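Letters A, B, ... mirror the listed sequences (proteins, then strands); counts begin at 1. Source: prediction; values computed, not measured.
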There are 2 protein chains.
Amino acid sequence: MSTTNTTRYAILGLLTIQPMSGYDLRKHLGESLNFFWAESNGQIYPALKKLVADEWIMPIKTHQRGRRTRQQYALTPVGRNQLKKWLAKPPHIQPPRNELILKLFLGRSAPNGALAQHVKAFKRRHEDVLGVLLNFRKTIPKDNARSADLDYWMLCLEHGIRLRQAEIEWSSVTLTRIASTSTRNRR
Amino acid sequence: MSTTNTTRYAILGLLTIQPMSGYDLRKHLGESLNFFWAESNGQIYPALKKLVADEWIMPIKTHQRGRRTRQQYALTPVGRNQLKKWLAKPPHIQPPRNELILKLFLGRSAPNGALAQHVKAFKRRHEDVLGVLLNFRKTIPKDNARSADLDYWMLCLEHGIRLRQAEIEWSSVTLTRIASTSTRNRR
DNA sequence: CTCCTGATATGTCTGTCAGACATGTCTACC
DNA sequence: GGTAGACATGTCTGACAGACATATCAGGAG
């Protein structure tokens, strides 16, 4: 099996920023990272247990004033090393499963107007995300003035922005073409 | 559970083009469709069985001269209707799992030069795919002169092309930025 | 004519994943 | 003293990825 349980490494990576609890990880993964890395909630806690067992991370107790005690985790030297080794390996490519495009491909069998609806929704969603990302681009550099991670984060952001722009442009073109196609093929 | 077993519908969709065997489906899925829809080989035959049991498709015997008898399948009216209903539903969005971007995000922990290697490979791969797609754009319209599917296929192709172009452009920009980043952060 | 190679053809199996669902705790406010 | 809502930690099922297994047939090499 060449599937590498990437969840472990995503967690490991986040812990390079600072020690966190499972809940923190979940929030991080659900927010900024979510634009290019979706983690399944159900994987996080089992993965943490496994990582502790392998001694890639270690649990640390944190007593916060006025807040419940949370189980936090920190990288061990072993974990840091494993992460580095993983980062050196060529990235695994996610097999594409673009359901919108599949439906478009089979468009001849679709009920009238459905495809246009799908593409419109697709476009709107990407426009929303693009808005968020463009806002990030403005605010992140100020908040994290000279974080060592900043340069890398901006590259990821740039990727997200360009991809969304391409999707939006394609959507526009496609919408006009769909209109003329359905006119031509009308029974 | 909201996961919809999309494999069934991908198969159903391909059978609208013409009756096919499992092997034909596998080839189709491994070739043209593969650019936006990757199907796991292991799913095809079980899915076919299920589809037959549900009477969405029916097995037909084909005796080809000089070739082994293959089990082919054709859509039933029920199947055609189910496909149509599915096409009308909003497409499910694949959760993103872009391992390259994840590695870039964690770039600070990566060994020297590794990221640049990854991005270069990423760029090369997309350039190769773009070449294939651009070639498709030239040849497909001639081969399938007035297929009812042609218009839809071209839309999918266009999507693939634009996305790849965006990836390639981002790669170029990123490569120059990585170079200057690693210079600045050198110890 | 027999062996071998490679395309044809049909599957199985294991670990990983998606994401809905379950459960309990603490704070703040009424 | 109750309860709404954030905080926090999990479990569970069906679907999926993709490596692996197996058998048949055609055509060429010896």
Side-chain angles (χ1 to χ4, degrees), chain A residues 1-11 19-31 33-34 37-53 57 59-73 86 91-99 102, chain B residues 1-11 19-31 33-34 37-53 57 59-73 86 91-99 102:
Chain A
M1 182 66 60
S2 79
T3 36
T4 12
N5 194 346
T6 326
T7 299
R8 308 167 60 88
Y9 295 102
I11 291 176
M20 294 187 209
S21 67
Y23 189 76
D24 291 334
L25 289 166
R26 204 172 190 164
K27 269 180 48 177
H28 264 270
L29 288 165
E31 287 165 13
L33 244 61
N34 203 39
W37 191 263
E39 197 54 74
S40 182
N41 284 334
Q43 311 297 325
I44 293 176
Y45 294 97
L48 282 172
K49 272 184 187 156
K50 186 77 173 33
L51 284 168
V52 171
I57 65 177
I60 52 178
K61 275 272 179 294
T62 321
H63 302 280
Q64 285 169 294
R65 315 146 305 205
R67 296 225 44 75
R68 186 168 16 155
T69 307
R70 306 179 312 156
Q71 190 52 262
Q72 289 197 302
Y73 300 91
W86 176 75
H92 172 260
I93 295 133
Q94 182 187 37
R97 290 210 136 210
N98 194 326
E99 201 173 301
L102 179 59
Chain B
M1 181 66 60
S2 79
T3 37
T4 12
N5 194 346
T6 327
T7 299
R8 309 167 59 90
Y9 295 101
I11 291 176
M20 292 187 211
S21 68
Y23 189 75
D24 292 333
L25 289 166
R26 202 170 190 164
K27 269 179 49 177
H28 263 272
L29 289 164
E31 288 164 14
L33 245 63
N34 203 39
W37 189 263
E39 196 53 75
S40 183
N41 285 333
Q43 311 296 326
I44 294 177
Y45 294 98
L48 281 172
K49 272 182 188 155
K50 186 77 171 36
L51 285 168
V52 171
I57 63 177
I60 52 177
K61 273 275 178 294
T62 322
H63 301 281
Q64 287 170 294
R65 315 144 306 202
R67 294 227 47 75
R68 188 165 17 153
T69 306
R70 307 180 311 159
Q71 190 51 263
Q72 290 198 300
Y73 300 91
W86 177 74
H92 172 259
I93 294 132
Q94 182 186 37
R97 289 210 135 209
N98 194 327
E99 200 174 303
L102 179 59

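Atom CD in Q94(A) sits about 13 Å away from atom P in dC16(D), given to the nearest Å. Between the CG atom of N41(B) and the C1' atom of dA9(C) there is a distance of 12 Å, given to the nearest Å. Residue D24(B) contributes atom CG, which lies 13 Å from atom C1' of dA7(C) at whole-angstrom precision. Regarding I44(A), its CD1 atom lies at a distance of 13 Å from the C1' atom of dC17(C), rounded to whole Å. Summarising the geometry, the separation between OH on Y9(A) and P on dC17(C) is reported as 12 Å, rounded to the nearest angstrom.
Residue P95(B) places its side chain closer to dA18(C) than to any other of dA18(C), dA8(D), dA9(C). Considering only side-chain atoms of K49(B), the nucleotide from dA18(C), dG11(C), dT9(D) that sits closest is dG11(C). Closest to the side chain of T6(B), out of dC17(C), dC16(D), dA18(C), is dC16(D). Proximity note for Q43(A) (side chain, C-beta onward) versus dA18(C), dG11(C), dT9(D): the nearest is dA18(C). Minimum atom distance to the side chain of Y23(B) is reached by dT8(C), of the listed dG10(D), dA17(D), dT8(C). Counting only heavy atoms from C-beta on, E39(B) has its side chain closest to dA17(D) among dA8(D), dT8(C), dA17(D). Here dT12(C) is the nucleotide among dG11(C), dA17(D), dT12(C) with the atom lying nearest to any side-chain atom of P46(B).
Nearer the 5' end of DNA chain C, as judged by each residue's closest nucleotide, is the contact made by Y73(B), out of R97(B) and Y73(B). Place I93(B) and G22(B) on DNA chain C by their nearest nucleotides, and G22(B) ends up nearer the 5' end.
Base contact: G42(B) has a heavy atom under 4.0 Å from a base atom. Within the nucleic acid shown, R26(A) comes within 4.0 Å of at least one base atom, counting heavy atoms only.
Taking 4.0 angstrom as the limit, H92(A) places none of its side-chain polar atoms (N or O) nearer than this to OP1 or OP2 of dA17(D). Between T7(B) and dA15(D), a side-chain N or O to OP1/OP2 separation shorter than 4.0 Å is absent. In this structure, N5(B) reaches the dC16(D) phosphate: one of its side-chain N or O atoms is under 4.0 Å from OP1 or OP2.
The backbone N or O of S21(B) lies less than 3.5 Å from a partner atom in the side chain of D24(B), making a donor-acceptor pair. Looking only at distances, a side-chain donor or acceptor of E99(A) sits under 3.5 Å from a matching main-chain atom of H92(B). Between the R8(A) side chain and the A47(A) main chain, no donor and acceptor come within less than 3.5 Å of each other. Between the side chain of E39(A) and the main chain of I11(A), no donor-acceptor pair closer than 3.5 Å is present.
Here the shortest heavy-atom pairing between N98(B) and W37(A) reads N-CE3, 3.6 Å.
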